[in-house]
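So the structure is just underneath, and the comments pick up after that.
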Amino acid sequence: RIWTLRYVPEESKDKVISDEDVLGTLLKVFQALFVNDFSKQSDILTVLPEPVKSKYQDLLSVQHPRVKQLEYRHQQQNTFTPEEILYKTLGFSVARAPSSLISAGKGVFVTKGLVRKGAVVSMYPGTVYQKYEPIFFQSIGNPFIFRCLDGVLIDGNDKGISKVVYRSCNGRDQLGPLKMSDSTWLTSEIHNPLAIGQYVNNCSNDRAANVCYQEFDVPAAFPIELKQYLPNIAYSYDKQSPLRCVILVALRDIEQGEELFSNYYTIVS
């Protein structure tokens with residue numbers, strides 16, 4: 001994967017689905033994760049504007065109509081796992097497992113449900129580097145560096161110096177109880193179930209690609225309380241530049257039990 005540049009033919013376009021569709025999917029999943037973990041969001045709720053807080057309380061009352069909002073914090077919540085939330089929200093779940101390719105290590109599989117063509121099936125987590133920023137030491141022996149079309153790099157390695165750098169940037173950007181990114185993809189207990197895209201293997205001669213990469217810049221108006229689920233963070237603290245994310249989009253319907261295989265070609269006419 002290292003330093004591989006995606007190729008987009010002139011007659012094609014880079015976007016398999018629109019940025020609006022990507023944003024809508026991420027908001028849908030992240031809001032469901034937030035509400036599912038509502039009892040642990042008390043510190044964040046105290047700093048949110050009242051209209052935003054009321055929105056989540058309304059969502060909560062729809063999912064748990066018998067629980068009074070004022071009593072909710074004092075009662076035990078029956079939460080779902082992130083994978084279950086993904087299934088309930090998008091109709092499928094994905095997880096890492098040994099790849100079906102020989103000597104390929106881990107891969108990503110659809111563990112439940114059906115991924116429809118055009119669905120956002122995973123995200124590529126990691127530290128985002130502008131093309132002028134140093135990444136030499138992080139790149140040594142690192143197969144998880146993804147190069148975007150404009151030269152921006154995303155280091156999706158969850159070990160070694162890459163892990164240290166991401167954690168450092170994650171701590172740097174936190175504003176009180178508000179986290180600007182998700183670092184749980186570095187652990188075995190991932191809060192954002194989509195954040196496993198770096199383990200999607202490239203297609204081979206006998207395995208056709210069923211997903212492709214698409215770049216997405218997080219808009220400035222992205223809800224601050226949901227940034228805790230974004231699995232990317234900028235290496236340099238720059239409020240002017242949008243945060244780059246890379247998602248993987250299904251090129252066809254993908255059934256339960258299938259492994260995801262990517263390519264660096266965008267083949268949308």
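- P125 approaches G197 most closely through the heavy-atom pair CD-N, 4.1 Å.
- Between C245 and M123 the shortest heavy-atom distance is SG-CE, 4.3 Å.
- Between K117 and D253, no side-chain nitrogen of the basic residue sits less than 4.0 Å from a carboxylate oxygen of the acidic one, so the salt-bridge criterion is not met.
- For D158 and K163, the salt-bridge test fails: no basic side-chain N is under 4.0 Å from an acidic carboxylate O.
- With hydrophobic clusters built from ILVMFWY side chains whose heavy atoms lie under 4.5 angstrom apart, L248 does not share a cluster with L101.
- Hydrophobic clustering of Ile, Leu, Val, Met, Phe, Trp and Tyr side chains at less than 4.5 Å, counting indirect connections, unites L175 with V218.
- Note on ring orientation: taking the six-membered ring where Trp is involved, the planes of F30 and F222 are perpendicular (angle over 60°, cut-offs 30° and 60°).
- S100 and E259 are linked by a side-chain donor-acceptor pair at a separation below 3.5 angstrom, with hydrogens and angles left out of the test.
- Residue V94 is tested with V200, T111, I254, V121 for a side-chain contact (heavy atoms from CB on, under 4.5 Å); the sole match is V121.
- Taking the six-membered ring for Trp and the full ring otherwise, the centers of Y229 and F34 sit at least 6.0 Å from each other.
- Smallest separation of non-hydrogen atoms from I17 and Q214: O-NE2, 2.7 Å.
- Summarising the geometry of D155 relative to N142, their closest heavy-atom pair is OD1-ND2, 2.8 Å, with the distance given to 0.1 Å.
- Electrostatic pairing of D182 and K227 does not count as a salt bridge here, judged by no charged N lying under 4.0 Å from a carboxylate O.
- For the atom pair T89 OG1 and E84 CD, the distance stands at 11.0 Å (nearest 0.5 Å).
- The two residues A119 and F92 have their closest heavy-atom pair at CB-CE2, 4.4 Å.
- Aromatic pair Y199/F144: centroids less than 6.0 angstrom apart.
- Annotation for S93 and L86: closest pair CA-CD2, 3.9 Å, computed over non-hydrogen atoms.
- By the side-chain hydrogen bond (donor to acceptor under 3.5 Å, both in side chains) test, S181 is found to be paired with N170, residues two or more places apart in sequence or in another chain being considered.
- Using bins of under 30°, 30° to 60° and over 60° for the plane-to-plane angle, the ring pair W185/Y166 lands in the perpendicular bin.
- For R116, the CZ atom counts as loosely surrounded, since its 6.0 Å shell holds 12 or fewer non-hydrogen atoms of other residues, nucleotides or ligands.
- Ion pairing of R207 with E258 is absent here, as no side-chain N (NZ or NE/NH1/NH2) approaches a carboxylate O to less than 4.0 Å.
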